[in-house]
Trainee: 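Encoded as C-alpha coordinates, here's the structure I'll be asking about.
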Amino acid sequence: MRGSLCAAVTELNLPLTLASGQAFRWRKRAHADVWFGVIGKLVFNLEQCVDKQTIEWTVLNHVSRDGNKCKKLDSTNINELLTDYFNLNYSLSDLYEHWSRCDENFAAIAPKFTGVRVLRQQPEENLFSFICSSNNNIQRISKMIESLCQNYGEFLLTDDEFGDIHAFPDIKSLCNENLEQELRKLGFGYRSKYIANCAKMIASKSEQWLQELRHKCYEDARNELIALPGIGPKVADCICLMSLDKSEAIPVDTHIWQIATKIYLPHLKRNKSLTDKAYKEIGDFFRSRFGTNAGWAHNVLFCSDLRQFKNS
DNA sequence: TACGTACCTAAACG
DNA sequence: ACGTTTAGGTACG
(Lines give C-alpha, C1' and ligand atoms only; values in the text may rest on other atoms or scores of the structure.)
Protein backbone atom coordinates (compact mmCIF):
# COMPACT_ATOMS: atom_id res chain seq x y z
CA MET A 1 0.00 0.00 0.00
CA ARG A 2 1.25 3.46 -0.92
CA GLY A 3 0.26 7.01 -0.21
CA SER A 4 1.53 10.47 0.41
CA LEU A 5 1.47 12.81 3.33
CA CYS A 6 1.61 16.59 3.17
CA ALA A 7 4.69 17.92 4.96
CA ALA A 8 7.13 20.60 3.84
CA VAL A 9 10.82 20.06 4.59
CA THR A 10 10.72 22.97 7.01
CA GLU A 11 7.98 21.16 8.91
CA LEU A 12 9.57 17.72 8.82
CA ASN A 13 13.16 16.99 7.91
CA LEU A 14 13.22 13.21 7.62
CA PRO A 15 16.95 12.49 8.02
CA LEU A 16 17.44 14.94 10.89
CA THR A 17 14.34 13.74 12.69
CA LEU A 18 14.85 10.02 12.21
CA ALA A 19 18.61 9.75 12.69
CA SER A 20 19.08 12.07 15.64
CA GLY A 21 18.70 9.34 18.22
CA GLN A 22 15.09 9.78 19.30
CA ALA A 23 14.15 6.48 17.73
CA PHE A 24 16.64 3.79 16.90
CA ARG A 25 15.05 1.61 14.25
CA TRP A 26 15.06 3.90 11.22
CA ARG A 27 17.70 3.21 8.58
CA LYS A 28 18.47 4.87 5.31
CA ARG A 29 18.53 2.58 2.31
CA ALA A 30 21.96 2.41 0.70
CA HIS A 31 21.09 3.48 -2.81
CA ALA A 32 18.23 5.92 -2.27
CA ASP A 33 17.03 8.59 0.11
CA VAL A 34 14.48 6.18 1.43
CA TRP A 35 14.08 5.60 5.14
CA PHE A 36 13.14 2.14 6.31
CA GLY A 37 11.57 1.50 9.70
CA VAL A 38 8.84 0.00 11.82
CA ILE A 39 5.93 1.64 13.59
CA GLY A 40 3.99 -0.86 15.65
CA LYS A 41 3.54 -3.84 13.35
CA LEU A 42 3.77 -1.89 10.12
CA VAL A 43 6.97 -1.77 8.10
CA PHE A 44 7.54 1.44 6.18
CA ASN A 45 9.55 3.01 3.41
CA LEU A 46 9.46 6.79 3.69
CA GLU A 47 10.79 9.21 1.14
CA GLN A 48 10.88 12.97 1.32
CA CYS A 49 9.84 14.61 -1.94
CA VAL A 50 11.26 18.08 -1.63
CA ASP A 51 9.59 19.60 -4.68
CA LYS A 52 6.16 18.20 -3.98
CA GLN A 53 6.34 19.05 -0.27
CA THR A 54 5.24 15.57 0.67
CA ILE A 55 6.38 12.38 2.31
CA GLU A 56 5.74 9.39 0.08
CA TRP A 57 5.12 6.26 2.11
CA THR A 58 4.86 2.56 1.41
CA VAL A 59 3.67 -0.08 3.84
CA LEU A 60 5.72 -3.17 3.05
CA ASN A 61 3.86 -5.88 4.93
CA HIS A 62 0.44 -7.28 4.31
CA VAL A 63 -1.77 -6.43 7.21
CA SER A 64 -4.21 -9.06 8.31
CA ARG A 65 -7.56 -7.59 9.09
CA ASP A 66 -8.18 -9.74 12.11
CA GLY A 67 -4.59 -9.76 13.34
CA ASN A 68 -4.71 -6.42 15.00
CA LYS A 69 -7.80 -5.45 16.84
CA CYS A 70 -7.49 -2.20 14.92
CA LYS A 71 -9.72 -1.06 12.15
CA LYS A 72 -9.17 -2.08 8.60
CA LEU A 73 -6.14 -0.26 7.32
CA ASP A 74 -6.52 2.01 4.35
CA SER A 75 -4.43 4.93 3.20
CA THR A 76 -6.45 7.34 5.32
CA ASN A 77 -5.61 5.37 8.46
CA ILE A 78 -1.95 5.31 7.53
CA ASN A 79 -1.91 9.06 7.01
CA GLU A 80 -3.50 9.47 10.44
CA LEU A 81 -0.97 7.11 11.97
CA LEU A 82 1.96 8.97 10.42
CA THR A 83 0.49 12.35 11.35
CA ASP A 84 0.33 11.11 14.92
CA TYR A 85 3.82 9.54 14.90
CA PHE A 86 5.43 12.64 13.46
CA ASN A 87 3.39 14.98 15.65
CA LEU A 88 2.35 16.90 12.54
CA ASN A 89 -0.57 18.76 14.12
CA TYR A 90 1.46 21.74 15.13
CA SER A 91 3.37 24.18 12.97
CA LEU A 92 7.08 23.79 13.51
CA SER A 93 8.05 26.80 11.45
CA ASP A 94 5.88 29.03 13.63
CA LEU A 95 7.57 27.63 16.71
CA TYR A 96 11.04 28.13 15.18
CA GLU A 97 10.15 31.79 14.63
CA HIS A 98 8.99 32.10 18.19
CA TRP A 99 12.08 30.40 19.62
CA SER A 100 14.37 32.49 17.42
CA ARG A 101 12.87 35.65 18.87
CA CYS A 102 13.31 34.22 22.38
CA ASP A 103 16.94 33.23 21.99
CA GLU A 104 19.71 34.48 19.72
CA ASN A 105 21.69 31.27 20.02
CA PHE A 106 18.69 29.35 18.73
CA ALA A 107 18.28 31.92 15.96
CA ALA A 108 21.86 31.30 14.84
CA ILE A 109 21.51 27.53 14.78
CA ALA A 110 17.96 27.12 13.48
CA PRO A 111 18.54 27.87 9.76
CA LYS A 112 20.90 24.89 9.49
CA PHE A 113 18.57 22.57 11.38
CA THR A 114 15.06 23.19 10.14
CA GLY A 115 12.36 20.55 10.37
CA VAL A 116 13.74 18.79 13.47
CA ARG A 117 10.64 17.40 15.05
CA VAL A 118 10.01 15.48 18.27
CA LEU A 119 8.30 12.21 17.42
CA ARG A 120 5.31 10.85 19.30
CA GLN A 121 6.55 7.35 19.86
CA GLN A 122 5.01 4.27 21.38
CA PRO A 123 5.73 4.41 25.11
CA GLU A 124 6.95 0.82 25.56
CA GLU A 125 9.48 0.93 22.76
CA ASN A 126 10.57 4.38 23.85
CA LEU A 127 11.02 3.27 27.47
CA PHE A 128 13.14 0.19 26.80
CA SER A 129 15.13 1.95 24.10
CA PHE A 130 16.20 4.68 26.48
CA ILE A 131 17.11 2.25 29.23
CA CYS A 132 19.62 1.00 26.67
CA SER A 133 20.84 4.51 25.98
CA SER A 134 22.64 5.07 29.27
CA ASN A 135 26.37 5.65 28.91
CA ASN A 136 26.11 4.49 25.32
CA ASN A 137 26.27 5.69 21.74
CA ILE A 138 23.59 5.80 19.07
CA GLN A 139 25.22 3.16 16.88
CA ARG A 140 25.40 0.61 19.64
CA ILE A 141 21.96 1.47 21.02
CA SER A 142 20.52 0.81 17.56
CA LYS A 143 22.19 -2.60 17.43
CA MET A 144 20.86 -3.49 20.85
CA ILE A 145 17.28 -2.48 20.00
CA GLU A 146 17.43 -4.43 16.76
CA SER A 147 18.72 -7.43 18.66
CA LEU A 148 15.89 -7.12 21.18
CA CYS A 149 13.37 -7.14 18.31
CA GLN A 150 15.03 -10.04 16.47
CA ASN A 151 15.07 -12.20 19.58
CA TYR A 152 11.77 -11.34 21.27
CA GLY A 153 9.55 -9.53 18.77
CA GLU A 154 6.96 -10.87 16.34
CA PHE A 155 8.25 -11.62 12.85
CA LEU A 156 6.89 -9.19 10.27
CA LEU A 157 8.63 -9.73 6.95
CA THR A 158 11.91 -10.30 5.16
CA ASP A 159 13.37 -7.26 3.46
CA ASP A 160 15.79 -7.57 0.53
CA GLU A 161 18.24 -5.14 2.05
CA PHE A 162 17.81 -5.51 5.81
CA GLY A 163 16.71 -9.14 6.17
CA ASP A 164 14.21 -10.43 8.74
CA ILE A 165 12.27 -7.66 10.42
CA HIS A 166 10.50 -8.05 13.74
CA ALA A 167 8.17 -5.86 15.74
CA PHE A 168 9.27 -4.40 19.03
CA PRO A 169 8.56 -7.06 21.67
CA ASP A 170 5.55 -6.72 23.92
CA ILE A 171 5.97 -6.78 27.70
CA LYS A 172 4.95 -10.44 28.04
CA SER A 173 7.71 -11.54 25.68
CA LEU A 174 10.23 -9.81 27.93
CA CYS A 175 9.06 -11.56 31.07
CA ASN A 176 10.83 -14.91 30.71
CA GLU A 177 13.01 -15.94 33.64
CA ASN A 178 16.29 -16.14 31.73
CA LEU A 179 16.01 -12.76 30.11
CA GLU A 180 18.82 -11.13 32.06
CA GLN A 181 21.34 -13.85 31.22
CA GLU A 182 20.22 -13.95 27.60
CA LEU A 183 20.62 -10.21 27.23
CA ARG A 184 24.08 -10.41 28.80
CA LYS A 185 25.07 -12.86 26.09
CA LEU A 186 23.60 -10.53 23.48
CA GLY A 187 25.88 -7.73 24.67
CA PHE A 188 23.48 -5.54 26.62
CA GLY A 189 25.90 -5.32 29.54
CA TYR A 190 24.64 -4.01 32.85
CA ARG A 191 21.41 -2.84 31.22
CA SER A 192 20.27 -6.48 31.01
CA LYS A 193 19.12 -6.49 34.62
CA TYR A 194 17.31 -3.17 34.23
CA ILE A 195 15.37 -4.43 31.23
CA ALA A 196 14.44 -7.73 32.83
CA ASN A 197 13.32 -6.15 36.10
CA CYS A 198 11.54 -3.31 34.36
CA ALA A 199 9.52 -5.73 32.22
CA LYS A 200 8.45 -7.63 35.32
CA MET A 201 7.47 -4.49 37.19
CA ILE A 202 5.49 -3.08 34.28
CA ALA A 203 3.76 -6.43 33.77
CA SER A 204 2.67 -6.36 37.40
CA LYS A 205 0.95 -3.01 36.96
CA SER A 206 -2.34 -2.42 35.18
CA GLU A 207 -2.16 -3.05 31.47
CA GLN A 208 -2.84 0.59 30.66
CA TRP A 209 -0.39 2.01 33.18
CA LEU A 210 2.15 3.34 30.70
CA GLN A 211 -0.40 4.71 28.23
CA GLU A 212 -2.25 6.46 31.03
CA LEU A 213 0.84 8.44 31.94
CA ARG A 214 -0.04 10.48 28.85
CA HIS A 215 -2.98 11.87 30.77
CA LYS A 216 -1.10 12.63 33.97
CA CYS A 217 0.88 15.78 34.60
CA TYR A 218 4.60 15.94 33.83
CA GLU A 219 5.73 15.68 37.44
CA ASP A 220 3.55 12.67 38.25
CA ALA A 221 4.50 10.81 35.07
CA ARG A 222 8.18 11.52 35.67
CA ASN A 223 8.07 10.29 39.27
CA GLU A 224 6.33 7.07 38.30
CA LEU A 225 8.96 6.39 35.64
CA ILE A 226 11.90 7.09 37.95
CA ALA A 227 10.58 4.43 40.32
CA LEU A 228 11.52 1.82 37.69
CA PRO A 229 15.02 0.28 37.66
CA GLY A 230 17.40 1.77 35.11
CA ILE A 231 15.33 4.92 34.74
CA GLY A 232 16.82 8.04 36.26
CA PRO A 233 16.03 11.71 35.69
CA LYS A 234 17.43 11.90 32.17
CA VAL A 235 15.82 8.76 30.78
CA ALA A 236 12.51 9.63 32.47
CA ASP A 237 12.58 13.00 30.74
CA CYS A 238 13.30 11.34 27.38
CA ILE A 239 10.26 9.12 27.80
CA CYS A 240 8.10 12.02 28.99
CA LEU A 241 9.12 14.14 26.00
CA MET A 242 9.16 11.55 23.25
CA SER A 243 6.16 9.38 23.96
CA LEU A 244 4.10 10.81 26.82
CA ASP A 245 3.23 14.24 25.40
CA LYS A 246 5.23 16.21 27.98
CA SER A 247 6.67 18.85 25.69
CA GLU A 248 8.09 20.75 28.65
CA ALA A 249 10.44 17.89 29.62
CA ILE A 250 14.14 18.67 29.15
CA PRO A 251 16.42 15.62 29.14
CA VAL A 252 19.79 16.93 30.28
CA ASP A 253 22.53 14.72 28.86
CA THR A 254 26.18 15.41 28.16
CA HIS A 255 25.32 17.42 25.05
CA ILE A 256 22.79 19.67 26.76
CA TRP A 257 25.16 19.99 29.72
CA GLN A 258 27.87 21.18 27.32
CA ILE A 259 25.54 23.64 25.61
CA ALA A 260 24.20 24.92 28.92
CA THR A 261 27.59 25.56 30.50
CA LYS A 262 29.07 27.00 27.33
CA ILE A 263 26.28 29.34 26.33
CA TYR A 264 23.52 29.80 28.86
CA LEU A 265 24.63 29.05 32.42
CA PRO A 266 28.45 29.42 32.57
CA HIS A 267 28.47 29.48 36.37
CA LEU A 268 27.60 25.75 36.28
CA LYS A 269 31.10 25.03 34.96
CA ARG A 270 32.22 25.09 38.60
CA ASN A 271 30.17 21.94 39.22
CA LYS A 272 32.15 18.74 39.36
CA SER A 273 29.21 16.72 38.12
CA LEU A 274 25.61 17.08 37.11
CA THR A 275 23.78 17.22 40.44
CA ASP A 276 20.01 17.01 40.79
CA LYS A 277 20.02 20.70 41.57
CA ALA A 278 21.98 21.65 38.44
CA TYR A 279 19.82 19.29 36.39
CA LYS A 280 16.70 21.11 37.54
CA GLU A 281 18.29 24.50 37.03
CA ILE A 282 19.06 23.69 33.38
CA GLY A 283 15.56 22.34 32.75
CA ASP A 284 13.96 25.37 34.40
CA PHE A 285 16.17 27.67 32.35
CA PHE A 286 15.07 26.09 29.08
CA ARG A 287 11.43 26.20 30.15
CA SER A 288 11.61 29.87 31.09
CA ARG A 289 13.50 30.77 27.91
CA PHE A 290 11.47 28.78 25.37
CA GLY A 291 8.09 28.35 27.01
CA THR A 292 5.78 25.39 27.37
CA ASN A 293 7.18 23.50 24.40
CA ALA A 294 10.76 23.91 25.58
CA GLY A 295 11.45 20.22 25.06
CA TRP A 296 10.92 20.60 21.32
CA ALA A 297 13.30 23.57 21.18
CA HIS A 298 15.82 21.63 23.22
CA ASN A 299 15.63 18.85 20.64
CA VAL A 300 16.82 21.21 17.89
CA LEU A 301 19.79 22.35 19.97
CA PHE A 302 20.60 18.77 20.91
CA CYS A 303 20.54 17.74 17.28
CA SER A 304 22.90 20.55 16.30
CA ASP A 305 25.43 19.30 18.86
CA LEU A 306 25.51 15.67 17.69
CA ARG A 307 28.80 14.73 16.14
CA GLN A 308 27.16 13.08 13.14
CA PHE A 309 25.48 16.35 12.19
CA LYS A 310 28.38 18.71 12.87
CA ASN A 311 29.50 20.58 9.74
CA SER A 312 26.17 19.93 8.15
C1' DT B 1 22.39 16.44 50.23
C1' DA B 2 26.65 16.20 47.48
C1' DC B 3 30.11 13.88 45.40
C1' DG B 4 32.88 9.26 43.78
C1' DT B 5 32.72 5.18 41.70
C1' DA B 6 31.41 0.84 39.41
C1' DC B 7 29.01 -0.78 35.71
C1' DC B 8 29.14 -3.57 29.85
C1' DT B 9 30.82 -2.59 25.35
C1' DA B 10 33.11 -0.97 21.20
C1' DA B 11 34.67 2.52 18.36
C1' DA B 12 37.12 6.86 18.31
C1' DC B 13 40.89 9.15 20.02
C1' DG B 14 45.96 10.75 20.72
C1' DA C 1 50.17 0.70 17.75
C1' DC C 2 47.65 0.36 22.20
C1' DG C 3 45.97 2.24 26.49
C1' DT C 4 42.48 5.82 27.32
C1' DT C 5 38.35 8.17 26.58
C1' DT C 6 33.88 8.61 25.10
C1' DA C 7 29.30 7.50 23.92
C1' DG C 8 22.18 10.86 24.84
C1' DG C 9 23.39 7.64 32.79
C1' DT C 10 21.94 5.04 36.87
C1' DA C 11 22.45 2.95 41.35
C1' DC C 12 24.73 2.70 45.39
C1' DG C 13 27.92 3.83 48.93
Trainee: Are the side chains of A:Pro251 and A:Ile256 in touch, meaning some heavy atoms are under 4.5 Å apart?
Mentor: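 Side chain of A:Pro251 against side chain of A:Ile256, heavy atoms only: no contact under 4.5 Å found.
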Trainee: At 4.0 Å (heavy atoms only), tell me whether A:Met242 reaches a base, stays on the sugar-phosphate, or touches nothing.
Mentor: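 Counting heavy atoms under 4.0 Å across all strands, the contact made by A:Met242 includes a base.
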Trainee: Give one of base, sugar-phosphate or nothing for A:Lys272, where a contact means two heavy atoms less than 4.0 Å apart.
Mentor: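 The residue A:Lys272 makes sugar-phosphate contact but no base contact.
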Trainee: Just compare C:dT10, C:dG8, C:dA7 and give me whichever is closest to any side-chain atom of A:His255.
Mentor: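 The nucleotide sitting nearest to the side chain is C:dG8.
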Trainee: Using OP1 and OP2 only, check whether a side-chain N or O of A:Arg184 sits under 4.0 Å from B:dC8.
Mentor: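 Yes.
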Trainee: Could you check which of B:dA11, B:dA2, C:dG9 has an atom nearest any side-chain atom of A:Lys277?
Mentor: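 Within the option list, the nearest is B:dA2.
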Trainee: Please say whether the positively charged group of A:Arg27, taken as NZ for Lys or CZ for Arg, lies over the ring of A:Phe162, i.e. under 6.0 angstrom from the six-membered ring centre and within 45 degrees of the axis.
Mentor: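 Because its charged atom sits under 6.0 Å from the ring centre and within 45° of the axis, A:Arg27 does stack over A:Phe162.
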Trainee: Figure out the CG/P separation between A:Leu268 and B:dC3, and round it to whole Å.
Mentor: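 Taking atom P of B:dC3 as the reference, CG of A:Leu268 is at 12 Å.
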Trainee: Hey, which sits more toward the 5' end of DNA chain C by its nearest nucleotide, A:Phe130 or A:Pro229?
Mentor: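 This one resolves to A:Phe130.
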Trainee: Base, sugar-phosphate, or nothing for A:Gln258, non-hydrogen atoms under 4.0 angstrom?
Mentor: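 A:Gln258: no heavy atom of the nucleic acid under 4.0 Å.
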Trainee: Hey, is A:Glu224 close enough to A:Lys216 for a salt bridge, meaning N to O under 4.0 Å?
Mentor: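 A salt bridge links A:Glu224 with A:Lys216.
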Trainee: For A:Pro233, report the nucleic acid contact type (base, sugar-phosphate, nothing); a contact means any heavy atom under 4.0 Å.
Mentor: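 Sugar-phosphate, no base atom in range.
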Trainee: Just call it for A:Ile231: base, sugar-phosphate, or nothing, with non-hydrogen atoms closer than 4.0 Å on any strand.
Mentor: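 Touches sugar-phosphate only.
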Trainee: Do A:Thr261 and A:Ile282 touch side chain to side chain, with heavy atoms closer than 4.5 Å?
Mentor: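 A:Thr261 does not reach A:Ile282 side chain to side chain.
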Trainee: Look at the side chain of A:Thr83 and the backbone N and O of A:Leu88, then say whether any donor-acceptor pair between them is shorter than 3.5 Å.
Mentor: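 Side chain of A:Thr83 to backbone of A:Leu88: no pair is present.
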Trainee: Quickly work out the A:Asp276 CG to B:dA2 P distance and round it to whole Å.
Mentor: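 Distance, rounded to whole Å: 7 Å.
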Trainee: Rounded to the Å, how far apart are A:Arg270 CZ and B:dC3 C1'?
Mentor: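 For the pair A:Arg270 CZ and B:dC3 C1', the rounded distance is 15 Å.
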Trainee: Quick one: look up who C:dT10 pairs with, Watson-Crick or G-U, both distances under 3.5 Å, and put none if it's unpaired.
Mentor: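 Across any shown strand, C:dT10 pairs with B:dA6.
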Trainee: How far does NZ of A:Lys246 sit from CD of A:Glu219, to the nearest 0.5 angstrom?
Mentor: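 Rounded to the nearest 0.5 Å, the NZ-CD separation comes to 12.0 Å.
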Trainee: Once hydrogens and angles are ignored, does a donor-acceptor distance under 3.5 Å link the base of C:dG8 to the side chain of A:Lys234?
Mentor: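 It does, because a donor-acceptor pair links the side chain of A:Lys234 to the base of C:dG8 below 3.5 Å.
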Trainee: Which part of the nucleic acid, if any, lies within reach of A:Ile226 when heavy atoms closer than 4.0 Å are counted: base, sugar-phosphate only, or nothing?
Mentor: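 Nothing, no heavy atom under 4.0 Å.
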Trainee: Nearest whole Å is fine: how far is B:dT9 P from A:Ile145 CD1?
Mentor: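 To the nearest whole Å, that distance equals 16 Å.
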Trainee: To the nearest Å, give me how far apart CG (A:Asp253) and P (C:dG8) are.
Mentor: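 It works out to 8 Å between those atoms.
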Trainee: Using whole Å, what does the distance between atom C1' of nucleotide B:dA10 and atom CG of A:Leu186 come to?
Mentor: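 Taking CG of A:Leu186 and C1' of B:dA10, I get 16 Å after rounding.
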Trainee: C:dT10, C:dG8, B:dT9: which one has an atom nearest the side-chain heavy atoms of A:Arg140?
Mentor: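 Ranking C:dT10, C:dG8, B:dT9 by closest atom to the A:Arg140 side chain puts B:dT9 first.
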Trainee: If you assign A:Thr275 and A:Asn137 each to the DNA chain B nucleotide with the nearest heavy atom, which residue ends up on the more 5' nucleotide?
Mentor: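 Its nucleotide being nearer the 5' end, the pick is A:Thr275.
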Trainee: I need the NZ-P distance between A:Lys280 and B:dT1, as an integer number of Å.
Mentor: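 Going from NZ in A:Lys280 over to P in B:dT1 covers 14 Å.
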Trainee: What is the separation between atom CD1 on A:Ile131 and atom P on B:dC8, rounded to the nearest whole Å?
Mentor: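 Those two atoms, CD1 and P, are 15 Å apart.
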